[in-house]
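Let me begin by presenting the structure, written as structure tokens, before commenting on it.
Since the model is a prediction, treat every value here as computed from it, not as a measurement. Order of the sequence lines sets the chain letters (A, B, ...), proteins ahead of strands, with each chain counted from 1.
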There are 2 protein chains.
Amino acid sequence: MKRKVTLKQIARELDVSISTVSKALRNSPEISDDTIQKVQAFAKLYNYRPNNIALSLKNRKTNTIGILIPEIVHHFFSKVIRGVELVANKRGYNVIIGLSNESFAKEVINMEMLANGSIDGFILSISKETQQLQDYHHFNETMSQGMPIVMFDRVVPDIKCDKVIVDDFNGAKHAVEKLIENKCKSIALITTKDYVSVGKLRTQGYLDALEESKITPQAELILKIDDNLDYEVHLEKLEAEIEQLFKSNKKIDGVFAVNELYAVSAMKVARKLGLNIPNDIQVIGFTDGVLSKHATPSLTTVSQHAQQMGEKAADLLIDKLESENEDEDESYHTVVIPTELIERKSTK
Amino acid sequence: MKRKVTLKQIARELDVSISTVSKALRNSPEISDDTIQKVQAFAKLYNYRPNNIALSLKNRKTNTIGILIPEIVHHFFSKVIRGVELVANKRGYNVIIGLSNESFAKEVINMEMLANGSIDGFILSISKETQQLQDYHHFNETMSQGMPIVMFDRVVPDIKCDKVIVDDFNGAKHAVEKLIENKCKSIALITTKDYVSVGKLRTQGYLDALEESKITPQAELILKIDDNLDYEVHLEKLEAEIEQLFKSNKKIDGVFAVNELYAVSAMKVARKLGLNIPNDIQVIGFTDGVLSKHATPSLTTVSQHAQQMGEKAADLLIDKLESENEDEDESYHTVVIPTELIERKSTK
DNA sequence: TGGCCTAACGCAAACGTTTTCGTGTTTATA
DNA sequence: TATAAACACGAAAACGTTTGCGTTAGGCCA
């Protein structure tokens, strides 16, 4: 089991100094052609590759960016990662991933681990627990140490950093407007508790769309799900709540749900109650994941362009990283990614 | 914008040497209590954290493990990552992710990038293109440089390394046996081209189950999909092929598909053709992802316990990393994760 | 008072690079 | 022939740690 070959070993074998080897490999004019040939041949033979860790230490730059997300088993986050990876690799950066599992403590620990030299900057979406606690000291500390942060999707408005967000408000609003256009008279909303920032914004979009059409929102048509439950497990509970909603409001003919799962569950319950989609009830969801595409009927949904978000976030971060030396650009951008209503079979 | 505080800075401020600071922080008996107090107080005040990069360089150990997978927007791989992350963090390791996007070239490049000091070992699943080309030099080179590799799911049998695999053969076999038990007489198989190792194994399981029940496999009941197509885009093509299968074999009363998507698509096509599931046709898929759970009807499927695979892979790798010093344990393990048939509404 | 022990600390090397600044040798020029 | 310039290379510092060992000073004992 050989170790990786280093400059020092090459130098010893060829009886030259380390610096000569280093220069020869980079084709320095200081070094004679003879030596360059010799060194490069030897390096190729032994498959020499510079040690990234040593380079990072010397350059005080890791060329690695850290992604910190609440959960990876989610189409949305996976796609964001994909976008980040795409442009990061294109621009010569690696990607390292931390998972908070929606926990504040894990978010803090993960940040500290990565912040101590492992990465040059963060791309993150904050955990639900952090949103509840509203404790953002770790973000501020990290940034005060000169490490840039780009937040996406679930952001904290007060924190000064670059942000990439979905136009949750208008995405929701347009979806509900679509339902209204399609003659829905009694439109239910299935959303999360208010502390989830995106849920709140989508709820506001729903309300705004109703108001603009002079429809008075009715509290009993709004179902707020406790999103702390792991719905992989508590699927029945979710469905029971939706069933209750439908049963006590028989006139519901449209549903807007703030995520895929709620929408698909609503369709399932509706079908169980003997309702036809889209004839009796039309349904629109949020997030264009696999569920929407392959549900029966396929689900009309608000697409967030997750991959594009990831790409944009990575570009913002790398721009900041690479500008830092030249000009101390202390301005922060918030990029809003427009949503798109993808019409499928769950609406008329 | 402050930089991160280093030992050197603390030393300068407190007018002691760097080594004294280092020792004081680690409570060395060499250092007087007074100095220890002073240094630790100062370090706490300025939130000192040792620089991981410097530690990695010094210790020749990064405490980071690299995951290299073909695709992240997949429930299966996401869950594996989750498992790896879980035990890695528990055992003091970070996780860094590389995506090959099913491309051989990207797999090689990503490996080289990570292998040069960034990580201590690999957990990977090989790309489809690599499986086709059967070019495994990068794995062998990496291992010959003393970097351990654990392969999971899509493995290369010839390569000497730890492996974590799904019992694809028996998983498929049991699924088909279930269909036979349920009185299916004409069972179709929807699978991939043979170069995909797992597809091949599942196909063999299908054939074996048939033979054991004295049923002669019929070539026209086996549909081999070209898995190179991105089925996010080529969904219609997939469905058209399945429709063709059903139309030319009207007696089909059971379907075993080697993944979720094929199974769900089969159900969709069947329904379109006016067939009832599970009364006219029973369907079983592979991989317990979101699609299976939320399909209508919910899909009976072979669960691979992806998260458990990730956990096991991480344990194997870290065990190897941490044993390496003591005894040169050159034995390799192959862990087979048993599958589980999760019965839902698509079978009787 | 001389010698020794111990407490408390600093020096320097090492990890693997890159790069600046010498230094020695050869060649060309006056 | 003496001197300058060109050439080819090496030494050393730096990035931030840890650690074995050397060093200093004081105290103690005989």
Side-chain angles (χ1 to χ4, degrees), chain A residues 2-40 43 46-64 113 115-120 145-147 325, chain B residues 2-40 43 46-64 113 115-120 145-147 325:
Chain A
K2 312 174 292 190
R3 283 251 146 265
K4 289 225 64 171
V5 55
T6 70
L7 287 187
K8 188 191 284 190
Q9 293 170 35
I10 300 183
R12 198 184 307 139
E13 294 290 324
L14 263 43
D15 206 38
V16 290
S17 76
I18 295 181
S19 19
T20 302
V21 177
S22 175
K23 288 170 187 167
L25 289 174
R26 330 188 104 241
N27 288 309
S28 160
E30 275 185 88
I31 308 297
S32 71
D33 286 350
D34 269 9
T35 312
I36 289 188
Q37 300 290 330
K38 193 174 59 176
V39 170
Q40 293 194 353
Y46 284 89
N47 196 30
Y48 169 78
R49 296 275 182 282
N51 181 306
N52 283 332
I53 294 289
L55 286 179
S56 295
L57 183 59
K58 174 135 191 54
N59 302 331
R60 295 153 128 196
K61 179 135 177 32
T62 62
N63 275 283
T64 300
M113 270 198 87
N116 297 323
S118 302
I119 63 169
D120 296 335
Q145 286 173 350
M147 178 159 305
N325 311 324
Chain B
K2 315 174 285 188
R3 284 250 149 265
K4 289 225 65 172
V5 55
T6 69
L7 288 186
K8 189 192 283 191
Q9 292 170 34
I10 301 183
R12 197 184 309 138
E13 294 290 324
L14 264 42
D15 207 40
V16 291
S17 77
I18 295 179
S19 22
T20 301
V21 176
S22 175
K23 287 169 186 168
L25 289 174
R26 327 187 105 243
N27 287 308
S28 160
E30 275 186 89
I31 309 298
S32 71
D33 286 349
D34 268 10
T35 312
I36 290 188
Q37 300 290 331
K38 193 174 61 176
V39 170
Q40 294 195 351
Y46 283 89
N47 198 29
Y48 169 79
R49 295 276 182 282
N51 181 310
N52 284 332
I53 294 290
L55 286 179
S56 296
L57 184 58
K58 176 137 192 48
N59 302 330
R60 297 150 127 199
K61 180 133 176 34
T62 63
N63 275 283
T64 300
M113 271 197 86
N116 297 323
S118 302
I119 62 169
D120 295 335
Q145 286 173 352
M147 180 160 303
N325 308 327

Are B/N47 and B/R49 close enough that some pair of their side-chain heavy atoms sits under 4.5 Å apart?
yes

List the atom of A/N51, the atom of A/A54, and the distance in Å for their closest heavy-atom pair.
OD1-N, 3.0 Å

Please identify each residue that fulfils salt bridge (Lys or Arg N to Asp or Glu O under 4.0 Å) with A/K61, with sequence neighbours left out.
A/D120

Find the distance B/I53:CD1 to D/dT18:C1' and express it as a whole number of Å.
16 Å

Would you say D/dG10 has OP1 or OP2 under 4.0 Å from some side-chain N or O of A/S17?
yes

What is the separation between atom CD on A/Q37 and atom C1' on D/dA8, rounded to the nearest whole Å?
16 Å

Rounded to the nearest 0.5 Å, what separation is found between the CG atom of A/L57 and the CG atom of B/N52?
11.5 Å

Salt bridge (Lys or Arg N to Asp or Glu O under 4.0 Å) filter on B/K23, not counting sequence neighbours, yields B/E30

From CG of A/L57 over to C1' of D/dT18, roughly how many Å is that when rounded to an integer?
13 Å

Name the nucleic acid region contacted by A/L7, choosing base, sugar-phosphate or nothing; use a 4.0 angstrom heavy-atom cut-off, strictly under.
base

I need the NZ-P distance between A/K58 and D/dT17, as an integer number of Å.
16 Å

Whichever of A/Q9 and A/T20 has the more 5' nearest nucleotide on DNA chain C, that residue is A/Q9

What residues, two or more places apart in sequence or in another chain, satisfy salt bridge (Lys or Arg N to Asp or Glu O under 4.0 Å) together with A/R60?
none

Using whole Å, what does the distance between atom P of nucleotide D/dT18 and atom CG of B/N52 come to?
11 Å

Measure CD1/B/I31 against P/D/dT19 and give the value in whole Å, please.
13 Å

Contact interval (first through last nucleotide) of DNA chain C with protein chain A, 4.0 Å heavy-atom:
C/dC15 to C/dC21

With a 4.0 Å cut-off on heavy atoms, is A/T35 in touch with a base, just the backbone sugar-phosphate, or nothing at all?
sugar-phosphate

DNA chain C nearest-nucleotide lookup for B/N59 and B/D15: closer to the 5′ end is B/D15

Apply side-chain contact (heavy atoms from CB on, under 4.5 Å) to B/V5 and B/I10, showing your working.
CA-CA 7 Å; B/V5 55; B/I10 301 183; 3.8 Å; yes

Just the table, please: protein N/O against nucleotides 21-23 of chain D N/O, every pair under 3.5 Å.
| unit_1 | atom_1 | unit_2 | atom_2 | d |
| --- | --- | --- | --- | --- |
| D/dC21 | N4 | B/E30 | OE1 | 2.9 |

Please report the interatomic distance CD(A/Q40) to CD1(A/I31), rounded to the nearest 0.5 Å.
11.0 Å

Describe, as an angle rounded to 10 degrees, how the axis at the first end of the helix from C/dT1-D/dA30 to C/dA30-D/dT1 is tilted relative to the axis at the last end, five pairs per end.
80°

Could you walk me through whether A/V21 and A/L25 pass the side-chain contact (heavy atoms from CB on, under 4.5 Å) test, one step at a time?
CA-CA 6 Å; A/V21 177; A/L25 289 174; 4.1 Å; yes

Using the side-chain contact (heavy atoms from CB on, under 4.5 Å) rule, take B/K38 and B/L14 through it: C-alpha gap first, then chi angles, then the decisive distance, then the call.
CA-CA 8 Å; B/K38 193 174 61 176; B/L14 264 42; 4.3 Å; yes

Gap between atom CG of A/N27 and atom CG of A/D33 - 0.5 Å precision:
9.0 Å

With no angle test and no hydrogens, is the base of D/dA11 tied to the side chain of A/S19 by a donor-acceptor pair under 3.5 Å?
yes

Donor-acceptor under 3.5 Å (B/S22 side chain, B/I18 main chain):
no

Between CG of A/D33 and C1' of D/dC9 the distance, given in whole Å, is 14 Å

Counting just side-chain N and O atoms, does B/S22 come under 4.0 Å of either OP1 or OP2 of D/dT18?
yes

